[in-house]
J.: 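This is the structure I have questions about; it appears just below.
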Amino acid sequence: MTDTRFDPASAPADRFDPQIADSRWQRAWDEAGTFTADSNSPKPKSYVLEMFPYPSGRIHMGHVRNYTMGDVLARYKKMRGFEVLHPMGWDAFGMPAENAAMEKKVHPGEWTHANIAAMKQQLQGIGFALDWTREFATCDPEYYGHEQALFLDMYEAGLVYRRSSEVNWDPVDMTVLANEQVIDGKGWRSGAEVEKRKLDQWFMKITDFAEDLLDGLGELEDWPEKVRLMQENWIGKSTGLEFAFDLSNGEKLPVYTTRPDTIFGASFCAIAADHPIAQGLMDDPAVAAFIEECKKGGTTAAALETAEKLGFRTALTAKHPFTGADLPLFIANFVLMDYCTGAVMGVPGHDQRDFEFATKYELPIARVVAKDVSEADAPMGSEAEPGNGVIVNSDFLSGMSVEDAKADVIARAEEGGWGEGTTVWRLRDWGISRQRYWGTPIPIIHSPDHGPVPVPRDQLPVTLPEDIDFDTPGNPLERHPTWKHTICPISGKPALRETDTLDTFTNSSWYFLRFASQPADKPFDPEEIAKWMPVQHYIGGIEHAILHLLYARFWTRALAHIGKFDVKEPFAALFTQGMVTHETYYRDWRPGGEMDVRTYFEPKDVTRRDGKLFGKTFTGGEVEVTAGRVVKMSKSKKNVVDPDAIIAQYGADAVRWFMLSDSPPERDLPWSHDGIEGCGRFVQRLWRLFQQLDTSATGEDKALARKAHQAIVAVAEDIEALSFNKAVARIYELTGATEKAKPSESRNFAIRTLMSLVSPMMPHLAEEAWSVADNEGLIANAPWPTHDPAMLVEDEVTIAVQHKGKLRDTITAPKGAAKEDLEALALASEKVQRSLGEAEVRKVIVVPDRLVNIVT
RNA sequence: GCGGGUGUGGCGGAAUGGUAGACGCCGGGGACUUAAAAUCCCCUGAGCUUUGCUCGUGCGGGUUCGAGUCCCGCCACCCGCACCA
């Protein structure tokens, strides 16, 4: 055991040296296993988790901010007597590793593990209170083997199925591309025109849980409203009527509408270009040409914004179920095949898209909803009227409310047997197949006789082959000479392995369970899960508001559904932190042609002189640069500040303090050089104050003691509300007051209190000071200071005196003074009298302990 | 288009309907020092006829003894989703 006590010879006492202290205390915590979570502890449990990082290579400021917040909570909870689980690991599968393999000729695993080693060292250098004994990477065969077992559990429970689905296919690289890899319809690497291809792919039945996932949102009170709304919209529940039109060729045309009440306003029907009926008309060259035209249209947001509604009028008509009218059938570019039936009834009067379409193709635009019955004949304006009102011009529906008419039409359709009321979800089943090497192999064997067969459990994990080749295009697993060749577990005959791997979101859909419990022979132990789950505080970026958080909720529900445990929601409270931003520096110039080129400069190459900014150029010269917007740190804008360099200069505690100061945690945090300088100074200022414990000091300083007791309560409240910026301000105030006070027992108490209050935020400084002050053990194990409730109350209060709604004076009065006394005191004030002048006092409002307002 | 958020000094931001600008940063002045760094002290929303007064929380109204905060109507910026029938 190393002696962790402070050695006066090793550092000058007037200056805190993070170079020495940081590693000293990191080692001490590590050797003592201070942050190792004990699931058998009798203490109440608290699970604090930050979204685990992708091992991209280096830790950036965003990570530092995210993990500092979690760390403060974890350390605080420990001080409050909780057994805390605060683990860390690596979301290690993904495309950057494959890209590195192609570009740098390194194995994805090698690249990933080197990154993990580097980033782990960085995280340890910041002094996070993490339980490293539970660390794992999702690319560890042990982890993904258990994931394969869970996949098979879900497969056997009918939650996984296979069907054909379209993918983006790069014909040059012979690979499937993610949507983000398709740029302007071309492959990002090859530049080749991307094709749509149908492949057999695996899906998870998240739609089975659509209702549960939606209802569950209502109980997630400690989630941001914004995230809940985003998920709600994503799940997209709607109710309406599904019914079939009879077509003039004898076929049926099923459509779905949320507005069956407007059915008398229908003037056309429209189907998607890839609707089977449209496909059936392809013999007509005009139809074929139109469908081709529809496919060309971009799918980007900008393209859709301006996209014109295009239609092709077929020779077919659809018979209106009530009026019997023949409605023309169009093929239209705005109808989506993958939403519901891929066909709509067009009601131009009350749907904006239908309105635009009808205007272009000169179809009738009828009013069937009006503000009032008397406005039944009011002409339509230049836009559809999707709002509420009363039904008009609609036979038996006329006069009904929208709601009643909906119910009536649905009832008639159901009675007549030509339609039924349904609920439709926007949420689609989750396609989990990826034609990639660096992911969890899907544990399925394709048998010539028995089709897809699960890999027998005793053959798990199905591991990735190491000897792979990234030089030729395509999926390395598919091309590998031997890997996919196996035998059918049923017949014993030769068979082929599934060569697709699982979407990386699968890896992050259950990692929090594996952190809580990691037996060797199964994914997790239900008893351990019951002890730790749900996660008490989950902290991460808003970019995961939908996919990751929805998939993790789905997996948790699905696993509960098949009896794995009794937890439905994985994250009791969610916090989405803001980004770390920085000013940008740039110069616009014209290297030759007509086009301006913008060159960005790194903050470290920019100096300020005479109110101007100068950037260092490649040649070593200087040019004047402009300060641009404050935006998220990114390589492309060159406004990145590397945490390592900052820690080397100011120490971990200063950086941690910066991350918590000033900006509320949900908002963006602008990084600044002056800010970190200030934090570095504050670390030293506290250190000097901590040296001033005076054991010979006697006497009470009631005002200071009161401030210390108040701070104990206030800082705790602020941390629990994650209002770290307010906690920081409180600590500054107490620091200032303590510095000014004369030595006394109270002052010693204030100094010790400060040590405890800053310990979750600046743990190295706190440990060093705690040790110097001759305390036993580690401050990391010490409890949160206790406050004396009697000391929270002030004896005297300052009371504002207002006249004509303005502050005229302040008076000091004993706490709890009677209204009459306060009124008398206020009226006795010279300033108040001057303001009052000759005016007659009509009324005096007294708020005890707060203010007196005189009305004249 | 739909949904959500934000708007307070030079900057980041405080403020259960009750003293707007806590706290930090920047800036100014001073002390210490041969000097610098470090540290400490003071000032720091705007204006004015400066013992004090007036104005001031995106804009316009309203409620109230009293509004940054509540209500109504706007504006600007940011984020998410988006031809979802």
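The sequence lines fix the lettering, A, B, ..., with proteins before strands; numbering per chain opens at 1. Remember, predicted model here, so these are calculated numbers, not experimental data.
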J.: Under a 3.5 Å cut-off for both distances, is B/rC40 Watson-Crick or wobble paired, and to whom?
T.: B/rG30
J.: With rounding to whole Å, what would you report as the distance between B/rU63 and B/rC2 at their C1' atoms?
T.: 32 Å
J.: Verify whether one side chain among A/Gln577 and A/Arg667 offers a donor that lies under 3.5 Å from an acceptor in the other.
T.: no
J.: Does B/rG56 have a Watson-Crick or wobble partner in any strand here, with both distances under 3.5 angstrom, and which is it?
T.: none
J.: Given A/Phe330, which of A/Phe312, A/Phe357, A/Phe290 fulfils the ring pair (Phe, Tyr, Trp, His ring centres under 6.0 Å) condition?
T.: A/Phe357
J.: Taking B/rC81 as the reference, what is the distance to B/rG61 when you measure between their C1' atoms (whole Å, please)?
T.: 34 Å
J.: For atom NZ of A/Lys406, decide whether the heavy atoms of other residues, nucleotides or ligands shown that lie under 6.0 angstrom number more than 12.
T.: yes
J.: Please check the phosphate of B/rG3 (OP1 and OP2 only) for any side-chain N or O of A/Arg228 closer than 4.0 Å.
T.: no
J.: Find which nucleotide of RNA chain B each of A/Ala729 and A/Asn233 is nearest to by heavy atoms, and output the residue with the more 5' nucleotide.
T.: A/Asn233
J.: Tell me which of A/Tyr256 and A/Cys679 sits closer to the 5' end of RNA chain B, going by the nucleotide each one is nearest to.
T.: A/Cys679
J.: Determine whether A/Asp809 and A/Ser829 satisfy the following criterion, side-chain hydrogen bond (donor to acceptor under 3.5 Å, both in side chains), listing intermediate values before the conclusion.
T.: CA-CA 8 Å; A/Asp809 197 5; A/Ser829 154; 2.7 Å; yes
J.: Does any N or O donor sit under 3.5 Å from an N or O acceptor when you compare the side chain of A/Arg834 with the base of B/rU51?
T.: no
J.: Please enumerate all residues that pass side chain to side chain contact (heavy atoms under 4.5 Å, CB included) together with A/Ala266, with sequence neighbours excluded.
T.: A/His320, A/Leu327, A/Met345, A/Val347
J.: When the P atoms of B/rG68 and B/rG7 are compared, how many Å lie between them, rounded to an integer?
T.: 15 Å
J.: Do A/Arg426 and A/Trp234 form a cation-pi contact, if we require the NZ or CZ to be under 6.0 Å from the six-membered ring centre and within 45 degrees of the ring's axis?
T.: yes
J.: Quick one: which of A/Tyr650, A/Phe724, A/Tyr732 gives a ring pair (Phe, Tyr, Trp, His ring centres under 6.0 Å) with A/Trp657?
T.: A/Tyr732
J.: Which whole number of Å gives the distance between the P atom of B/rA67 and that of B/rG60?
T.: 15 Å
J.: If I pick the P atom on B/rA82 and the same atom on B/rG12, what distance separates them, to the nearest angstrom?
T.: 32 Å
J.: Distance check, C1' atoms only: B/rU44 and B/rA22, in whole angstrom units.
T.: 15 Å
J.: I'd like to know if the side chain of A/His350 pairs up with that of A/Thr262 as donor and acceptor (distance under 3.5 Å, no hydrogens or angles considered).
T.: no
J.: Does the side chain of A/Tyr361 reach to within under 4.5 Å of the side chain of A/Arg313, using non-hydrogen atoms?
T.: no
J.: Between A/Asn725 and B/rA14, does any side-chain N or O lie under 4.0 Å from OP1 or OP2?
T.: yes
J.: State, with a plain yes or no, whether a side-chain heavy atom of A/Val855 is found less than 4.5 Å away from one of A/Val844.
T.: no
J.: What one-letter contact string describes nucleotides 38-50 of chain B from 5' to 3', where B marks a base within less than 4.0 Å of any protein heavy atom, S marks contact via sugar-phosphate atoms alone, and - marks no contact?
T.: -S-----------
J.: Given that both distances must come in under 3.5 Å, which nucleotide forms a Watson-Crick or G-U wobble pair with B/rG24?
T.: B/rC11
J.: Below 4.0 angstrom from OP1 or OP2 of B/rA85, is there any side-chain N or O of A/Tyr339?
T.: yes
J.: Would you say the side chains of A/Gln710 and A/Glu794 form a donor-acceptor pair under 3.5 Å?
T.: yes
J.: What is the distance, rounded to the nearest whole Å, between atom CG of A/Asp662 and atom P of B/rA22?
T.: 13 Å
J.: Taking the C1' atom in each of B/rC32 and B/rC23, what is the distance between them to the nearest angstrom?
T.: 27 Å
J.: Strictly under 4.0 angstrom, non-hydrogen atoms only: write out the protein contact profile of nucleotides 59-67 of chain B, one letter per nucleotide from the 5' end, B, S or -.
T.: ------BS-
J.: Report the distance from atom NZ of A/Lys806 to atom C1' of B/rC55, rounded to the nearest whole Å.
T.: 9 Å
J.: B/rG45 and B/rG10: how far apart are their P atoms, nearest whole angstrom?
T.: 10 Å
J.: Give a yes/no answer on whether the side chain of A/Lys237 brings an N or O atom under 4.0 Å of OP1 or OP2 in B/rC84.
T.: no
J.: Searching all strands shown, indicate the nucleotide that pairs with B/rC2 (Watson-Crick or G-U wobble; both distances under 3.5 Å).
T.: B/rG80
J.: What's the CD-C1' distance between A/Glu232 and B/rG4, to the nearest Å?
T.: 12 Å
